[in-house]
Amino acid sequence: MKSTASSTGKPDLTRRKFLRNTAITGTALSYTKLAAHAATAPPGASDTLNVALVGCGSQGGILKGASLRIPGIKFVAVCDLWDVKARTMSRAIGADVKAYETMDEMLKAHPEIDCVLIAAPDWLHAPFTRKALEAGKAVYCEKMMSNSLEAAADMVRSQRETGHLLQIGHQRRSNPRYQFMRNRLLREKNLLGQITHLYGQWNRSVKMPFEPKPGTGIPQEKLTANGYPDMFQYTNWRSYKKFGGGVISDLGAHQIDIFNWLLGTTPRSMIASGGVDYFKNLPLQSGGSFSYEQLDNAVVVYEYDVPVYSGGVQVMEGDKPKTQLVRAMYQVLTTNGSQNYYEKVMGVEGTIVISEQPVYNQVYREKDTTGEKVGTWEQLARTGFLRKPPATVYNKFWERPKAWNIPDKWLAREGTQDVRVSIPADPYELPAMPKEMDEKPPHQFHLENFYNTVRARGKQTDLNCPVTEAYKCAVSVLKINEAVATGKRIDFQPSDFVVA
Ligand SMILES: NC(=O)c1ccc[n+]([C@@H]2O[C@H](COP(=O)([O-])OP(=O)(O)OC[C@H]3O[C@@H](n4cnc5c(N)ncnc54)[C@H](O)[C@@H]3O)[C@@H](O)[C@H]2O)c1
């Protein structure tokens with residue numbers, strides 16, 4: 001890193017100054033304040049960071065694109081076992097970016113690298129992270145940490161041993177809309193009252209695997225030497241046990257991580273049902289058939305004991321913190337794309353639906369028997385914490401957004417339609433983000449948090465997703481396989497989420 005040292009010998013960009021730029025974790029930041037930060041060039045933007053990318057597939061391209069939007073980020077090298085991918089990526093970034101087939105060659109040739117971004121298949125995350133950390137680099141490694149808990153634990157240990165920064169790519173944690181929801185609406189304003197349930201889903205339509213043309217891709221000898229049986233498993237690595245964790249880890253990890261992050265704790269138990277129910281013995285266009293090894297769908301229920309706070313202070317019962325039970329349901333499908341992906345927070349006073357896709361963001365106020373909450377919510381809408389949707393849009397939370405004005409006669413009215421029907425909730429929306437923030441791709445915020453922490457010589461705890469936090473997600477997710485295989489409820493101990 002080309003550092004800007006002050007006369008004291010310390011970087012003149014203080015840790016706190018940097019972290020203010022993107023660490024939107026404080027309780028007193030609003031979108032307006034965030035916009036002010038976004039409008040100013042990040043402190044230290046002239047402080048060049050030399051970056052290398054490992055894994056030049058789809059996500060490598062996303063990380064590259066988001067990083068290049070950040071001032072001061074300079075890619076010096078990329079690496080991919082598939083030489084065409086590495087060369088294509090290096091050309092796309094710039095003529096001076098060198099392409100390599102192995103990380104060893106790359107690290108040896110470029111001692112000037114400050115940061116390594118890892119977007120290779122999950123099974124390589126742990127060994128690649130250790131290698132980069134041991135070479136003295138700061139690492140941003142994509143989620144899922146790994147397809148095995150032992151390897152995920154090794155990532156925690158390699159960070160601890162080397163002391164270098166390691167951020168895991170659960171990017172929702174840095175998303176200003178998610179932070180606004182958690183810090184301002186839920187924690188500061190207690191908008192939903194007592195939270196009783198969370199729900200999350202990622203429903204995806206059937207997508208058949210990529211079928212590499214025979215004779216194309218990586219020569220078989222090189223594949224075998226690198227642990228892959230053939231190009232089919234190489235390109236469809238996610239669904240094979242040796243290489244990936246299937247959809248619960250590919251898709252579910254994002255959202256289950258948000259359960260833990262929102263509730264500020266880890267689950268006490270979990271039950272799950274799932275299987276390889278669709279992607280088995282399916283014909284290939286090239287002849288023959290294939291079956292996936294990892295679950296292609298799952299439904300999971302977690303139970304959490306969530307600490308109770310009053311006025312920001314933890315409530316005690318005797319010498320133990322008082323807790324409330326929250327159930328969190330999660331579903332991932334690969335056979336039906338209904339309503340796509342989102343997370344939902346449900347409290348006795350309302351609901352927030354949030355997704356990385358802004359169109360799914362909705363807020364609903366439950367029926368208000370006292371009339372007090374109506375005024376509170378209207379006041380929040382007037383002061384920019386919420387907004388009212390246009391009167392004609394009663395429900396855009398559907399397969400596709402559309403104005404959907406339900407005729408009055410079909411709206412449930414207390415006592416008129418059916419005693420079992422709830423009174424329709426009052427619709428609101430999350431406030432829009434300022435344009436300059438709205439234009440940033442979702443991963444940019446998380447990368448900014450990483451790069452700014454590197455520049456500020458920050459600590460692991462300054463990262464929005466330090467490896468120890470991501471490990472809690474890895475345990476919550478990878479244990480689903482055990483719950484499905486045994487059909488038994490898993491009871492967690494707090495120590496299960498910590499690497500000794
Ligand atoms: N955060 C997110 O939103 C998000 C989204 C998608 C993927 N991901 C994660 O990113 C990672 C990559 O996923 P993807 O969709 O880009 O997969 P991909 O298959 O498109 O890309 C993986 C790349 O790694 C390369 N590779 C394989 N073995 C290698 C080796 N030994 N050395 C170097 N390169 C090697 C492949 O040639 C390929 O180019 C995964 O961990 C995935 O979970 C994260």
Side-chain angles (χ1 to χ4, degrees), residues 52-66 77-90 92 99-107 116-129 131-132 139-148 151-152 155 167-175 202 204 207 209-210 212 216-218 222-229 231-240 242-255 257-258 294 341 355-357 441-447 450 464-465 470 473-474 477-478:
L53 172 68
V54 181
C56 302
S58 326
Q59 189 60 12
I62 302 273
L63 294 183
K64 177 263 294 175
V78 299
C79 116
D80 197 296
L81 187 62
W82 198 345
D83 55 349
V84 181
K85 297 252 188 187
R87 282 204 306 273
T88 309
M89 184 68 81
S90 73
Y100 297 88
E101 287 180 30
T102 70
M103 208 177 145
D104 288 335
E105 287 173 277
M106 184 180 79
L107 290 176
V116 175
L117 310 180
I118 299 177
D122 296 2
W123 74 303
L124 299 169
H125 290 180
F128 283 7
T129 294
K131 204 168 270 193
V139 176
Y140 180 108
C141 179
E142 264 309 338
K143 49 53 66 181
M144 180 59 148
M145 279 176 77
S146 179
N147 53 334
S148 95
M155 293 174 79
Q167 167 108 306
I168 305 297
H170 291 291
Q171 72 272 0
R172 280 168 179 71
R173 286 173 176 249
S174 295
N175 185 315
W202 199 313
R204 210 164 60 177
K207 186 169 171 240
F210 176 71
T216 63
I218 302 173
K222 188 170 155 191
L223 278 179
T224 309
N226 284 279
Y228 294 99
M231 274 311 280
F232 186 81
Q233 289 204 25
Y234 183 82
T235 47
N236 299 293
W237 56 268
R238 285 175 164 78
S239 301
Y240 292 92
K242 180 174 174 188
F243 312 116
V247 286
I248 50 159
S249 123
D250 189 34
L251 308 177
H254 283 297
Q255 301 173 296
D257 180 59
I258 285 304
Q294 293 285 26
Y341 64 94
S355 169
E356 258 189 345
Q357 298 192 66
H443 297 82
Q444 186 172 339
F445 301 103
H446 208 43
L447 286 161
F450 169 67
N464 287 342
C465 191
C473 170
V477 170
L478 294 176

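Every number for a ligand or one of its atoms is a count from 1 in the order of the listing. Remember, it's a predicted structure, so these values are computed and weren't measured experimentally.
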For a quick test of reading the model, state the closest non-hydrogen atom pair linking [X] to [Y] and the distance between them.
{"X": "Gly169", "Y": "Glu142", "result": "O-OE1, 3.6 Å"}
{"X": "Asp80", "Y": "Gly57", "result": "OD2-N, 4.1 Å"}
{"X": "Ala470", "Y": "Cys465", "result": "CB-SG, 3.9 Å"}
{"X": "Leu478", "Y": "Ser148", "result": "CD1-C, 3.9 Å"}

Proximal candidate to [atom] [heavy atom criterion; set [options]]:
{"atom": "atom 22 (C) of ligand 1", "options": "Gly169, Gly55, Gly245, Ala119", "result": "Ala119"}
{"atom": "atom 14 (P) of ligand 1", "options": "Met89, Met106, Lys222, Arg238", "result": "Arg238"}
{"atom": "atom 42 (C) of ligand 1", "options": "Glu142, Lys143, Gln59", "result": "Lys143"}

Starting from [atom], what is the nearest protein heavy atom, named by residue and atom, and what distance separates them?
{"atom": "atom 33 (C) of ligand 1", "value": "Leu81 N, 3.3 Å"}
{"atom": "atom 26 (N) of ligand 1", "value": "Tyr234 OH, 3.4 Å"}
{"atom": "atom 41 (O) of ligand 1", "value": "Asp122 OD1, 2.6 Å"}
{"atom": "atom 21 (O) of ligand 1", "value": "Gly57 CA, 3.4 Å"}
{"atom": "atom 24 (O) of ligand 1", "value": "Pro121 CD, 3.4 Å"}

Short N or O distance, Cys79 and ligand 1, threshold 3.5 Å exclusive: no
Test of proximity, Trp237 against ligand 1: N or O pairs below 3.5 Å: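 There is such a contact, yes.
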Side-chain ion pair, Asp257 and Lys143, N-O less than 4.0 Å: no
Is the gap between the ring centers of [X] and [Y] under 6.0 Å?
{"X": "Phe243", "Y": "Trp237", "value": "no"}
{"X": "Tyr341", "Y": "His254", "value": "no"}
{"X": "Tyr228", "Y": "Trp123", "value": "yes"}

Between Gln171 and Gln444: side-chain donor-acceptor atoms closer than 3.5 Å: no
Short side-chain donor-acceptor distance under 3.5 Å, Glu105 and Thr102: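 Yes, because at least one side-chain N or O of Thr102 sits under 3.5 Å from a partner of the opposite role on Glu105.
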Atoms in ligand 1 flagged as close to [X], the criterion being non-hydrogen separation under 4.0 Å:
{"X": "His443", "value": "1 (N), 2 (C), 3 (O)"}
{"X": "His254", "value": "1 (N), 2 (C), 3 (O)"}
{"X": "His125", "value": "41 (O)"}
{"X": "Gln171", "value": "1 (N), 2 (C), 3 (O)"}
{"X": "Leu124", "value": "28 (N), 29 (C), 30 (C), 31 (N)"}
{"X": "Ala120", "value": "11 (C), 12 (C), 24 (O), 40 (C), 41 (O)"}
{"X": "Tyr228", "value": "27 (C), 28 (N)"}
{"X": "Trp82", "value": "37 (O)"}

Region of Ser58 that comes within reach of ligand 1 [heavy atoms, distance under 4.0 Å]: both
Is the closest heavy-atom distance from [X] to ligand 1 below 4.0 Å?
{"X": "His170", "answer": "no"}
{"X": "Asp80", "answer": "yes"}
{"X": "Met103", "answer": "no"}

Backbone of Cys141 reached by a side-chain donor or acceptor of Gln167 within 3.5 Å: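 No, Gln167 side chain to Cys141 backbone: no donor-acceptor pair under 3.5 Å.
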Side-chain donor/acceptor of His125 to backbone N/O of Met145, under 3.5 Å: yes
Straight-line distance of Glu101 CD to Leu81 CG, nearest 0.5 Å: 7.0 Å
